[in-house]
Amino acid sequence: MAEPSFDSMDYYKKDELLEVDHKPPRTSWMKTPVEFRPGTWIYPTKAKHLEYLGMPNPRDWSPTDEDWKLPDNWQEIIFNGMRERLDKYRSFKVFMDICVRCGACADKCHFFIGGGDPKNMPVLRAELIRSVYRKDFTTAGKLLGRMVGARKLTYDVIKEWFYYFYQCTECRRCSVFCPYGIDTAEITMMGRELLHELGLGVNWAMEPVANCFRTGNHLGIRPHGLKDTLEFFAEDIEEATGISIDIPMNKKGAEVLFITPSGDFLADPGTYTCMGYMALFHEIGLDYTWSTYASEGGNFGLFTSHEMIKRLNAKMYAEAKRLGVKWILGGECGHMWRVVNQYMDTMNGPADFLEVPKSPITGTVFENAKSTKMVHIMEFIADLIKHGKLKLDASRNDHLKVTFHDSCNPARSMGILEEPRYVLKHVCNNFYEMPENTIREQTFCCGGGAGLGTDENMEMRLRGGLPRGSAVKHVQDKYGVNTLATMCAIDRATLQTVCDYWAPGVGVSGITEMVANAMIMKGEKKRKLNFRLEPVWGDPDEDEEG
Amino acid sequence: MPDFMVGDKAYEVDEDGFLQQPDLWNKEVAEAMAKTEGVEELTEDHWKVVNFLRDYYVEYQVAPMIRKLCKSTGFKLNKIYELFPSGPAKGACKIAGLPKPTGCV
C-alpha cells in the first residue's frame with residue numbers, strides 16, 4: 001500500500017492530534033498571518049460553476065498562490081458589500097456592535113476544542129470581520145484605530161477570512177452560550193457572502209449549488225437517474241420483505257410532496273434510510289410523490305449567500321404549486337430545516353397556496369408548520385406511533401445498541417429534540433444518551449457541515465469531530481454502543497469517518513432505516529434480511545447470500 | 001488546474017486527479033491513471049468495473065451508488081477494494097474518468 005496522503009484519516013496519528021495547545025501564539029492576533037497547511041483548507045470553486053451561477057470573478061486559482069486574482073477594486077467591493085448588508089440585515093449590524101468580548105463562547109467551538117487555534121474561538125472569528133467594520137463604519141474606529149480593535153482591510157485579512165470562515169460549520173453551538181444571543185453562524189454567512197463578491201468560495205459547497213440549480217439536486221442526478229435509483233431501492237425492499245412497492249414520481253394531485261437530501265440517493269447509509277421512507281409510505285398508504293425537479297432537501301445556498309438560499313429554496317415551493325399538493329413532507333436533513341424554519345417564510349413565503357399540514361393517517365394538524373407548510377419526517381412518524389398506526393417489533397433492532405446524535409440545525413434551529421428520541425425508543429430496546437453537555441441544544445457538530453465535509457479538509461474534520469467522537473467513545477465504553485443514529489445526510493456522510501477515527505466499531509444509521517426495520521409490514525415474508533440485506537434475523541446457514 | 005500527461009497529450013484534472021472533461025476519457029487515460037492509483041495492470045475484472053461505471057456515467061451523467069456497482073458487477077465491496085486499493089470512488093471512478101461526487105456524501 002502506498003503511504004496515506006493528507007486527505008486520508010490514516011495519515012493522522014491520534015496522539016499527535018490530541019496534543020492540542022490552547023495557548024495563543026506570541027504575536028498578537030492581528031500580526032499572526034494565516035498559514036495554508038494541507039488538510040486544513042478546502043479547494044476553491046471551479047470557474048465553470050461560478051460562471052454557471054452568474055457569480056463574480058470566475059477563474060481557477062489556489063489559496064496557496066500568492067496572487068488570488070482579485071478584481072483591482074476589491075477593497076471597494078468589500079466596503080460596499082458590507083455597507084449594503086449592514087443596511088439590509090439589522091441582525092448583522094447588531095451582532096457587529098453588541099459583542100462585549102466576554103469569552104463565554106470561546107471554548108464552545110469544536111474546532112477550537114480540537115484544534116486550539118485562537119482564531120477559531122467564535123469571538124475572535126467574528127473579530128476578523130468586526131475589526132474591519134470598526135475601522136470603516138464606526139467613528140471611534142476611524143479615529144482611534146487599533147486602540148479600539150479596528151484594523152485596515154488588507155489582502156492578508158481577506159486570506160484570513162477565507163481560511164477561518166471555512167473553519168466554521170455554522171453549527172451555532174457557541175450562540176447557545178452567548179449572553180447576547182449573537183448568531184455566530186450569521187456572521188460566518190456574512191463573511192462568506194462578502195468573499196463571494198470577490199469570487200472566493202469552496203468547491204465542495206459551490207459545485208452542489210450549481211448542480212442543484214441545473215438539475216434540482218446537489219449531486220446532479222437527472223430525472224431518469226432518480227427513477228433508476230428509486231427502482232433499485234424498490235428491488236432491494238422486495239428482496240428483504242417480499243413486498244413490491246410503487247414509486248410515485250411527479251404525480252400531479254398527490255396529497256403530499258416528499259423531499260429529502262440527495263445524499264440519500266447515493267451514499268450509504270443514507271440509501272437505507274431512503275428505502276425506509278419508501279417502505280413506510282407504502283405501509284401507511286400515503287398519497288405522496290417524489291419530484292425530479294425539487295429533488296433536494298438540502299440547500300447549500302445556506303453556506304453561500306442569502307440570495308442563493310432563496311434561489312434554491314424556491315424550487316420546493318414552485319414544485320409544490322405545480323403538482324398541486326396540499327403540503328410538503330421533509331426527510332432526514334439537517335440544514336434544510338434551518339432554511340425552512342428560519343428563512344423560507346420571508347424569502348419565498350407565504351406559501352398560502354398550500355394547506356396547513358394534516359396527517360391523512362391520524363388526522364393530526366401540524367399547527368407548528370402553519371406558516372411553512374412543511375412537516376419533518378420525525379414529527380410525522382412520532383405522530384403515527386403515538387396513534388398506534390405502525391406495527392413495530394423493537395426487538396428486531398436488538399443487535400443494535402444505539403445512541404443519538406442531535407444534528408445541529410434540527411436541534412438548535414428548530415428545537416426538534418423529543419420526536420427523534422420518542423421514535424427511537426419505540427423502534428429499539430437499547431438506547432443510551434451521550435453526556436448531557438454534548439446533546440440536545442448543546443449538541444456537538446459532526447465537524448463537516450456547512451460545506452466542510454470534504455476529504456482535503458481531513459485534519460480539520462478530525463479535529464472538529466473530536467468532541468462528538470469522544471462522547472460516542474464514552475457510551476461505547478460504558479454501554480457497548482455500536483450504532484450512532486442521526487437524522488441528517490451530512491452527518492451520515494461525515495460521522496462515519498469521525499467514528500472510525502475516534503470510536504472505531506460504531507456504525508452510523510438514519511432513524512427511518514431503523515423504523516423500517518422494526519416495522520411489521522402487511523403481507524411481508526418471513527424476514528431474514530434487514531434493509532441493508534444483511535442476514536441479521538435468519539439462520540446464517542440457511543441464508544443463500546451466505 | 002494541473003494536467004495529467006499520457007504520452008505527450010495533456011488532460012486537465014482537478015486537485016484530486018479527476019478528469020475535468022469526462023468526454024475526453026479513453027482506454028489509454030484509464031491505463032495511465034490506474035498506475036497512479038496502485039493498479040499496475042487493468043485485468044478483465046478491473047475492466048468489468050470500469051466499463052460499468054463508464055456506461056452508467058454516459059447514460060446518467062453521474063456516478064452510480066456503490067451498491068449498484070456491486071450488484072451489477074457481482075463483486076462485493078471488499079473485492080472492489082482488492083481491485084482498486086484507493087476504493088470505488090477515488091480509485092475506480094477516477095480511472096473510469098468520472099467526476100468526483102459532491103454534496104452530502
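Residue numbering restarts at 1 for every chain, and letters A, B, ... go by the order of the sequence lines.
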Please classify the contact between [X] and chain B as side chain, backbone, both or neither, with a heavy-atom cut-off of under 4.5 Å.
| X | answer |
| --- | --- |
| A:D491 | neither |
| A:D7 | both |
| A:F303 | neither |
| A:Y43 | both |

Q. Quick check: are there more than 12 heavy atoms from other residues, nucleotides or ligands sitting under 6.0 Å from NZ of B:K71?
A.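 Result for NZ/B:K71: enclosed.
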Q) Got more than 12 heavy atoms from elsewhere within 6.0 Å of OH, A:Y11? A) no
If you count heavy-atom pairs within less than 4.5 Å of chain B, which of [options] leads?
| options | answer |
| --- | --- |
| A:A267, A:P208, A:C488, A:G334 | A:P208 |
| A:I490, A:L266, A:I221 | A:L266 |
| A:K48, A:R492, A:E207 | A:E207 |

Could you give the distance from [atom1] ([X]) to [atom2] ([Y]), rounded to the nearest 0.5 Å?
| X | Y | atom1 | atom2 | result |
| --- | --- | --- | --- | --- |
| A:N203 | B:D16 | CG | CG | 10.0 Å |
| B:R67 | A:L533 | CZ | CG | 6.5 Å |
| B:T102 | A:H49 | OG1 | NE2 | 7.0 Å |

Q) Which heavy atom in B:G103 sits nearest to a heavy atom in A:H218, and how many Å separate them? A) CA-CB, 4.3 Å
Q. Closest approach of A:G263 and B:V105, non-hydrogen atoms and distance?
A.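 Closest approach of A:G263 to B:V105: CA-CG1, 4.2 Å.
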Q: Could you pull out all residues at least two apart from B:Y60 that satisfy ring-ring contact (aromatic ring centres under 6.0 Å, His included)?
A: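 Checked B:Y60 against ring-ring contact (aromatic ring centres under 6.0 Å, His included); matches are A:H224, B:Y56.
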Q. What residue, out of B:M65, B:Q61, B:K90, has the most heavy-atom pairs lying under 4.5 Å from chain A?
A. B:M65
Q.
Listing request: all salt bridge (charged side-chain N to carboxylate O under 4.0 Å, His left out) pairs with a residue in residues 40-64 of chain B, at least two apart in sequence or in separate chains.
A.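 Counting only pairs at least two positions apart or across chains, the salt bridge (charged side-chain N to carboxylate O under 4.0 Å, His left out) contacts touching residues 40-64 of chain B are B:D45-B:K79.
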**Q.** Atom group of B:P99 that falls short of 4.5 Å from chain A, counting heavy atoms
**A.** neither
